Amino acid sequence: MSYEDKFDSSLDILRRLDPRSITTNLNNICTLVRDEELVQDLLSSVDTPLKVSRCQETGKEYLCCDYNRDGDSYRSPWSNTYYPKISTGDDDELPPFPSELLRQLEIKANDSFDIYRDLYYEGAGVSSVYLWDTAEDENSGLDEGFAGVVLFKKETDDKSGKWDSIHVFEVIPESKTSVLYKLTTSVILDLSNTKDSSLSLSGNLTRQLESTQVIELDGGVNLESNHLINLGTLIEKSEYNIRNLLQEVYFDKLKDIMLKDLRSIGDISDKKLDDLKQSEIVKGLQGM
């Protein structure tokens, strides 16, 4: 079996398994394939619920995903430190870090989207932003573009509802004043009845958005602020669209099944009257 066949088969299996156990199922498949390259591709391609960790230096919570992972360690956006800490020798390769200029933007982005989280997630949840360089020369600056991911996670107090949103973006300069933003958003939703665990709704949706924006620096807003404003607007739009799609896919369909297919919402007398009318129509047709 070729590499592509193994990759496609692994994804096909994951689609058919219970989405509530996506993390366990993915780990089991990675253990079975025993191909380091395939494992890395699967981990970067399959979205799993985000894990929450705590930065030992700042005490703040942050989210763990494949984009801030190196081995079994995850980089905190607050201290720029990997936990558990990675010990490297003289010949060991250093774990990935953003360039100094991009790190400063990463700090501003985490502060900005933490405000976004506070406003749109009712003051609860955790957010994290991670950036990385896309240009070969890390000292080229933001003019050459960059990429990153914005993460949000919120759970209800009784753990009956879980929301994970993953926004992977790329910033591609098209000219001195024009920038293309590419955004891929994935939302993982898990709802369950704590009194009756047999009733649950789980799944995910992924959508893509692209937008070309003109960068204006004459109004006193610098390049970094322009990027944060444009990315924030795009992420806000994407989350709004996916939230509405989830409502249509999950709740409207559930309402149709419960109220139309399984249980009539009309009065019983109305139902009998409809049956009587129907029988009269049938008799009339038979007498023709």
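Please read all numbers here as calculations on a predicted model, not as lab measurements.
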Gln104 side chain to Glu100 side chain, donor-acceptor N/O pair below 3.5 angstrom: yes
Pairwise side-chain contact, Thr212 with Ser178, heavy-atom cut-off 4.5 Å (strictly under): yes
Side chain proximity check, Leu151 to Val129, heavy atoms < 4.5 angstrom: no
Distance in Å, Leu63 CG paired with Ser165 OG, rounded so as to fall on 0.5 Å steps: 9.0 Å
Validation row: Phe7, Glu37 side chains within 4.5 angstrom (heavy atoms): no
Salt bridge (Lys or Arg N to Asp or Glu O under 4.0 Å) involving Lys154 - partner list, sequence neighbours excluded: Glu122
Side-chain donor-acceptor contact under 3.5 Å, Asn27 with Thr24: no
Aromatic ring pairing Trp132/Tyr67, orientation class (parallel under 30°, perpendicular over 60°, tilted between): parallel
Partners meeting side chain to side chain donor-acceptor pair (under 3.5 Å) with Thr233 (sequence neighbours left out): none
Pairs involving residues 173-182, ordered by first then second residue, that meet salt bridge (Lys or Arg N to Asp or Glu O under 4.0 Å) (sequence neighbours left out): none
Pair Asn204, Ser186: side-chain N/O donor-acceptor within cut-off below 3.5 Å: no
Closest heavy-atom pair and its distance - Cys55, Tyr62: N-CE2, 3.5 Å
Ser53 and Glu61 side chains, donor-acceptor separation under 3.5 Å: no
Student check: side-chain heavy atoms of Leu43 and Val39 closer than 4.5 Å: yes
Listed partners of Thr31 passing side chain to side chain donor-acceptor pair (under 3.5 Å), at least two apart: none
Tyr116, Trp163, Tyr120 screened by ring-ring contact (aromatic ring centres under 6.0 Å, His included) with Phe152, the one that passes: Tyr116
Student check: side-chain heavy atoms of Phe146 and Glu170 closer than 4.5 Å: no
Distance flag, aromatic centroids of Tyr82 and Tyr74, threshold under 6.0 Å: no
Close side-chain approach of Leu228 and Ser225, heavy atoms under 4.5 Å: no
Electrostatic pair Lys108:Glu106 at N-O distance under 4.0 angstrom: no
For Glu4, all residues meeting side chain to side chain donor-acceptor pair (under 3.5 Å), sequence neighbours excluded: none
For Thr156 against Ser160, the heavy-atom pair lying closest together: OG1-N, 3.0 Å
Sequence-distant partners of Leu245, side-chain contact (heavy atoms from CB on, under 4.5 Å), two or more places apart: Leu205, Arg207, Glu248
Exercise: do Glu239 and Thr185 side chains pair donor with acceptor under 3.5 Å: no
Between Ser211 and Gln213: side-chain donor-acceptor atoms closer than 3.5 Å: yes
Check: Asn110 main-chain N/O paired with Ser112 side-chain donor or acceptor under 3.5 Å: no
